[in-house]
Amino acid sequence: MKNVEKYARGYFMPPAQSLKWTQKEYISEAPIWCSVDLRDGNQALIVPMNLEEKLEYFKLLVAIGFKEIEVGFPAASETEFTFLRTLIEQNLIPDDVTIQVLTQSREHIIRKTFESLRGAKKAVVHLYNSTSVAQREQVFRKSKEEIIDIALTGAKLLKECAEETEGNFQFQYSPESFSGTEVEFALEICNAVLDVWQPTAANPVIINLPATVSMSMPHVYASQIEYMSDNMKHRENVIISLHPHNDRGTGVADAELGMLAGAQRVEGTLFGNGERTGNVDIVTLALNMYSHGVNPNLNLENIPYIISVYERLTKMRVSERHPYGGELVFTAFSGSHQDAIAKGMKWREEKEPKHWSVPYLLIDPKDIGREYEGDIIRINSQSGKGGIGYILQQKYGLDLPAKMREHFGYCVKNVSDHQQKELAPDEIYDIFAKEYVNIKEPVEFIKYRFTDNDDFQTVVTIRTNGEVREITGSGDGRLDAINNALQTEFNLEYGDLVYTEHALETGSKSQAVSYIGIKAKNGTVYWGCGTDVDIMTSSVKALFSAVNKLTQG
Ligand SMILES: CC(=O)SCCNC(=O)CCNC(=O)[C@H](O)C(C)(C)COP(=O)(O)OP(=O)(O)OC[C@H]1O[C@@H](n2cnc3c(N)ncnc32)[C@H](O)[C@@H]1OP(=O)(O)O
Ligand SMILES: CC(C)C(=O)C(=O)O
Ligand SMILES: [Mg+2]
């Protein structure tokens with residue numbers, strides 16, 4: 001990269017660091033969540049949502065359980081203004097939900113914002129102005145004092161307007177571009193705003209510290225948050241809020257470390273929609289917490305439904321690899337992963353049904369509305385016997401002997417590799433049926449009987465080369481007798497019969513399934529499977545299948 005000299009670190013370390021947060025292991029309590037989907041998310045869409053779409057999205061957020069929702073920037077457009085009026089006039093805001101609106105620190109914008117709030121029972125009014133070095137120098141061309149003045153002018157006007165307007169208003173201030181601001185200056189401006197607003201226990205102020213553009217590694221952001229939290233005036237009546245973006249791909253890490261460092265509230269969006277690389281993804285944050293056994297206090301039990309509404313309304317897409325929500329994030333194609341998952345699921349079922357520790361799967365997909373079948377184990381040429389056996393067992397109730405699973409694994413891999421495609425469960429079953437079940441060529445089994453006096457003397461009716469005939473044999477048991485009849489008649493040499501069987505419920509009927517493996521002289525094992533309502537007949541069919549496979553070569 002020849003232009004590396006162009007870049008220098010644009011963030012600031014706090015003057016002191018206690019690093020207490022590094023001693024904390026995990027987030028033990030859900031923060032106050034504030035969805036900014038309808039504001040930050042919406043302002044980043046190619047076409048912002050219309051009124052109906054915003055209303056539907058609002059209802060989704062309420063259903064998920066957000067208690068604070070930034071519903072828009074009412075001074076931005078007629079749609080934004082009308083949306084707010086609709087929520088208020090149609091009484092669509094549940095009593096336990098607080099709406100939030102964003103405003104610049106400009107008089108006409110603040111006044112318009114309060115106009116939009118007429119009749120609201122309560123609301124958070126969120127004031128912001130940029131504080132970073134780059135914005136001060138390049139955009140506002142103002143000194144630190146002048147930037148503080150912008151904040152204070154707005155803060156005072158908010159207070160005035162709130163006094164003139166009926167309703168309960170809580171204030172929020174964001175030193176926008178905090179991540180590129182000297183931390184001492186961010187503290188100075190926040191403290192100045194807090195002195196104007198005089199927060200109380202009954203009406204605390206929210207100080208929102210955005211990584212407007214994420215510039216540092218997450219531990220730096222956490223140190224900045226800790227410094228702000230430790231040194232802020234009126235701290236006991238201040239709620240410290242985080243608002244990470246994802247420019248460095250570390251939005252979630254920023255939020256998690258920021259919470260360890262003392263933040264009590266997080267602003268973000270579903271699936272991380274938002275400016276550029278997006279806002280922090282609240283779904284991921286919440287489910288990360290859930291995976292540690294901490295209730296995030298959001299209802300994410302039907303992620304497929306949430307995604308379907310989200311994608312329809314935003315016209316954005318949740319990628320296949322997106323944490324928790326992505327179509328492929330609970331799917332294993334590779335053999336060793338599938339094997340471990342299949343064994344882990346069995347182990348859990350038998351030994352520890354209450355706790356989740358299945359290898360490769362951070363949480364139980366069922367908890368968020370994902371299915372095991374079709375979701376977890378999918379088969380392609382990277383798959384192995386474990387996963388393939390799992391599909392046959394889960395979907396078709398077929399419990400193959402271990403060695404037969406291995407043989408079948410290679411059959412399936414072969415097909416998938418040559419056709420270069422994923423195989424659906426019914427295609428896998430078809431391969432199984434074609435390869436092993438009730439094979440009739442070159443010798444078809446028709447029926448057997450045992451002579452009256454001795455159970456172990458048999459007469460078997462077969463069809464071969466289009467001709468029906470009977471063969472006879474005797475042995476130590478029924479299957480042994482039939483086996484001997486076949487070996488003698490066709491002059492076959494094999495040994496080491498592997499035999500298992502189990503019952504199979506298909507609809508209301510019960511079927512027996514038998515598996516037989518025979519070892520030819522050269523050591524090759526041939527497998528057959530038989531199915532029948534009668535268990536003995538299913539074993540005979542399995543034997544004929546295996547013998548036919550051997551004869552076919
Ligand atoms: C990081 C964030 O996401 S911040 C939120 C950003 N979201 C949006 O901007 C979406 C909605 N915004 C809008 O619809 C429009 O920008 C409006 C209606 C708010 C304002 O529109 P306009 O006044 O036409 O233009 P514009 O936004 O370009 O205004 C820029 C002016 O406001 C000033 N300004 C920008 N932000 C602020 C602020 N927070 N406080 C005070 N002044 C500000 C700029 O310095 C500039 O001043 P200048 O006129 O002296 O050059
Ligand atoms: C308005 C502020 C909080 C914002 O969206 C940001 O800084 O990213
Ligand atoms: Mg933002």
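One-based numbering, in listed order, for ligands and for the atoms of each.
Looking only at atom types and distance, the side chain of N288 has a donor-acceptor partner in the side chain of E256 under 3.5 Å away.
Annotation for ligand 1: atoms under 4.0 Å from non-hydrogen atoms of L102 are 5 (C). If you number the atoms of ligand 2 from 1 as listed, the ones under 4.0 Å from a heavy atom of S174 come out as 3 (C). Every atom of ligand 1 with a heavy atom of R39 under 4.0 Å away is listed here by number and element: 2 (C), 3 (O), 5 (C). Atoms of ligand 2 found under 4.0 Å from any heavy atom of E176, numbered from 1 in the order shown, are 7 (O). Less than 4.0 angstrom separates some heavy atom of E176 from each of these atoms of ligand 1: 1 (C). Atoms of ligand 1 lying under 4.0 Å from any heavy atom of F140, numbered from 1 in the order shown and given with element: 34 (N), 35 (C), 36 (N), 37 (C), 42 (N), 43 (C), 45 (O). Interface atoms of ligand 2 facing P210, defined by a heavy-atom separation under 4.0 Å, are 6 (C), 7 (O).
With hydrogens and angles ignored, the 3.5 Å screen pairs a side-chain donor or acceptor of R348 with a backbone N or O of P353. For S216 (side chain) and V220 (main-chain N/O), no donor-acceptor pair under 3.5 Å exists by modelled atom type. A side-chain donor-acceptor contact under 3.5 Å links W356 to the backbone of L361. A donor-acceptor pair is defined here as one N or O able to donate and one able to accept, closer than 3.5 Å; such a pair exists between the side chain of T131 and the backbone of E176. In terms of modelled atom types and a separation under 3.5 Å, the side chain of D254 and the main chain of P244 share no donor-acceptor contact. One N or O on the side chain of Q338 and one on the backbone of F333 form a donor-acceptor pair closer than 3.5 Å.
A heavy-atom distance below 4.5 Å is found between the side chains of R118 and R85. Side-chain atoms of E422 and S416, non-hydrogen and from C-beta on, never get closer than 4.5 Å to each other.
Looking from atom 21 (O) of ligand 1 to the surrounding protein, the closest heavy atom is R106 NH1, 4.2 Å. Ranking protein heavy atoms by distance to atom 14 (O) of ligand 1, first place goes to A76 CB, 3.3 Å. If you check which protein heavy atom lies closest to atom 40 (N) of ligand 1, you get S105 N, 3.0 Å. Here the protein heavy atom with the shortest distance to atom 38 (C) of ligand 1 is Q104 CB, 3.5 Å. Distance from atom 7 (O) of ligand 2 to its nearest protein heavy atom, with residue and atom name: T212 OG1, 2.5 Å. Ranking the protein heavy atoms by distance from atom 4 (C) of ligand 2 puts H243 NE2, 3.4 Å first.
Under the 4.0 angstrom criterion, atom 50 (O) of ligand 1 counts as lacking any protein heavy-atom contact. There is a protein heavy atom less than 4.0 angstrom from atom 7 (N) of ligand 1.
With rounding to the nearest 0.5 angstrom, the OH atom of Y221 is 10.0 Å from the OG1 atom of T250. The distance from atom OH of Y173 to atom OG of S241, rounded to the nearest 0.5 Å, is 14.0 Å.
Residue-level proximity to ligand 2 for D40 is carried by the side chain, the only part with a heavy atom below 4.0 angstrom. Counting heavy atoms under 4.0 Å from ligand 2, residue V36 does not touch it at all. Residue contacts with ligand 1, taken as heavy atom pairs separated by less than 4.0 Å, involve Y128 via backbone and side-chain atoms alike.
In this structure, H126 counts as a contact residue of ligand 2, since one of its heavy atoms falls inside 4.0 Å of the ligand.
No other N/O/S atom of D40 lies as close to the Mg ion (ligand 3) as OD2 does. The Mg ion (ligand 3) lies closest to atom NE2 when only the N/O/S atoms of H243 are considered.
In this structure, the ring of Y310 has its center less than 6.0 angstrom from the ring center of F271.
A cation-pi arrangement, defined by a distance under 6.0 Å to the six-membered ring centre and an angle within 45 degrees of its axis, is absent between K159 and F171.
With Q172, H245, R39 as candidates, the residue nearest to atom 2 (C) of ligand 2 on a non-hydrogen basis is R39.
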